[in-house]
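So the structure is just underneath, and the comments pick up after that.
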Number of protein chains: 2
Amino acid sequence: MQSRTPAGGRTPAGRTGRPRSAAADAAILAATREALVELGWSGLTLGDVALRAGVAKTTVYRRWQGKSELVTDALATLFDELVLPDRGSLRADIEGVVLQFARLLEQPATKTALMAVVAEATHDEALRGRIREKIVGRQKRLVVEGRRRAQQRGEIPDDSTDPGPQIDLIFDVIAGAVVHRTLVSCEPVDTDWAARFTTVLLDGLAVAGG
Amino acid sequence: MQSRTPAGGRTPAGRTGRPRSAAADAAILAATREALVELGWSGLTLGDVALRAGVAKTTVYRRWQGKSELVTDALATLFDELVLPDRGSLRADIEGVVLQFARLLEQPATKTALMAVVAEATHDEALRGRIREKIVGRQKRLVVEGRRRAQQRGEIPDDSTDPGPQIDLIFDVIAGAVVHRTLVSCEPVDTDWAARFTTVLLDGLAVAGG
DNA sequence: GGGCTTTCGCTACGACCCGTAGCGTAATGC
DNA sequence: GCATTACGCTACGGGTCGTAGCGAAAGCCC
């Protein structure tokens, strides 16, 4: 072996020998989330993760190159829980996704892992790619879906000629505000804050007031 | 000694003995920023910082409790460069501060340090306080100042009855969007993006389009 | 100058984690 | 049964951690 990647592909077809244990994958990822909560990024050791998962340390190193990759994958499993139920209006949809995202970020494992991984990625190109692939790209679907619904309802103009850039902008504004509020300013995202934020986002500062 | 804090107070009054070298403080902080760029958060060691600074390792430990505190202080010196020149309109002021903040975040030392410190802070109450005191609190002055000017110009309503919450909200929206764009989405904040962001912030999605 | 106090650079230390190698064993496909 | 791969286990050299102890240097105060 030398693939250095989680079992994932379920015995990659045309392979002989003992297949990797999917149960071990799940146990390692769960142990990683658990250890992150207790120890934080710099306190987390792969030896400890292996111990918690009931797995040999070498088994962890066979599948992930290091701490960064392991934590990124553990984080991705948490983000995939996000969904966007149709609440009937753009305002309600935004408030809903803001609160849902905030609840996700309230989980200690999520906040610790997200920031730590992004920090490591600043000087690791491969890790940046992994984050874009497994987290950012997967979550933009929420913005695309919400925008599509709002256009169908006639709540926002339908600039079907140039849809790309605005998606990214809106994604950064929403996700960035929630992350900053929660992790940098260290204050809660409650229904009141979500409502005020949505008002500013929909109506702008000139109307909503400074 | 047991103060465990940078020289700062310049021989804290009524102290005898050899005073701490302020030059050593500056050298250590500069070495920390330099090492962060080259090695990243997890690669940075206090022993290496001491070597770069031309200082004994023990001297570093006498002044800072650990990596987190040291990097937080090194980061604060970078953030203090931010200023808010009056550009004549709210739109121009926002675009100006967005671009200035983005240039700050483009520096490898800043982006690495900010995310790493926030990650550590998620499980370290004392560190959260240090960040609020030395970074977040100091930078909110930019929003306060910009808001005051806009109200004087009559560009936004003057809700002098309840100024508090909106300041925090706007701060999180602006800083969060720039940070998320730069560090999570890993795309540049140029004049075009700053203009589009400012339009959304001022006029809202309903007008600016989705 | 003499004495007191604190910081300085240096060295050494036990403890821990790293990431890998080597072994024998277990679980698959042919 | 045989080849192949993953598994658990042990052991290893190398590096960092944070602290302790030392003599020397640099300030204050008399």
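Throughout, protein chains are lettered first and strands after them, A, B, ... in sequence-line order, and every chain is numbered starting at 1.
- Regarding A:R62, its CZ atom lies at a distance of 12 Å from the C1' atom of C:dA26, rounded to whole Å.
- A close approach under 4.0 Å does not occur between any side-chain nitrogen or oxygen of A:S21 and OP1 or OP2 of D:dA6.
- Along DNA chain D, the nucleotide nearest to B:G66 and the one nearest to A:V55 differ in position, and the one closer to the 5' end is contacted by A:V55.
- Qualifying salt bridge (Lys or Arg N to Asp or Glu O under 4.0 Å) partners for B:D190, counting only residues two or more places apart in sequence or in other chains: none.
- Separating the CD atom of B:E69 from the P atom of D:dC17 is a distance of 14 Å, rounded to the nearest angstrom.
- For A:L46 and C:dT20, the CG to P distance is 11 Å, given to the nearest whole Å.
- Residue-to-nucleotide contacts include no donor-acceptor pair under 3.5 Å from the side chain of A:T45 to the base of C:dC18.
- A:Y61 places its OH atom 11 Å from the P atom of C:dC17, with the value rounded to the nearest Å.
- Ring-plane geometry between A:F101 and A:F79 is classed as tilted, the angle between the planes lying from 30 to 60 degrees on a 0 to 90 degree scale.
- A donor-acceptor contact under 3.5 Å links the side chain of B:R18 to the base of C:dT7.
- When the side-chain nitrogen and oxygen atoms of A:T59 are compared with OP1 and OP2 of D:dG8, one or more of them lie within a distance under 4.0 Å.
- Atom CG in B:L44 sits roughly 8 Å away from atom P in D:dC17 (whole-Å rounding).
- Legend: residues meeting side chain to side chain donor-acceptor pair (under 3.5 Å) with B:E34, ordered by chain and number and at least two apart, are B:R52.
- Between the CD atom of B:Q65 and the C1' atom of D:dT19 there is a distance of 15 Å, rounded to whole Å.
- Mapped onto DNA chain C by nearest heavy atom, B:G54 and A:G47 fall at different nucleotides, with B:G54 at the one closer to the 5' end.
- A donor-acceptor contact closer than 3.5 angstrom is absent between the side chains of A:S68 and A:R130.
- In this structure, A:R63 places its CZ atom 12 Å from C1' of D:dT5, rounding to the nearest Å.
- Side-chain to base pairing of A:R20 with D:dA6: no donor and acceptor N or O lie closer than 3.5 Å to each other.
- The pair B:K111-B:E106 does not count as a salt bridge, with every side-chain nitrogen at least 4.0 angstrom from each carboxylate oxygen.
- The base of C:dG19 lies close enough to the side chain of A:K57 for a donor and an acceptor atom to sit less than 3.5 Å apart.
- Between B:L51 atom CG and C:dC10 atom C1' the separation is 13 Å, expressed in whole Å.
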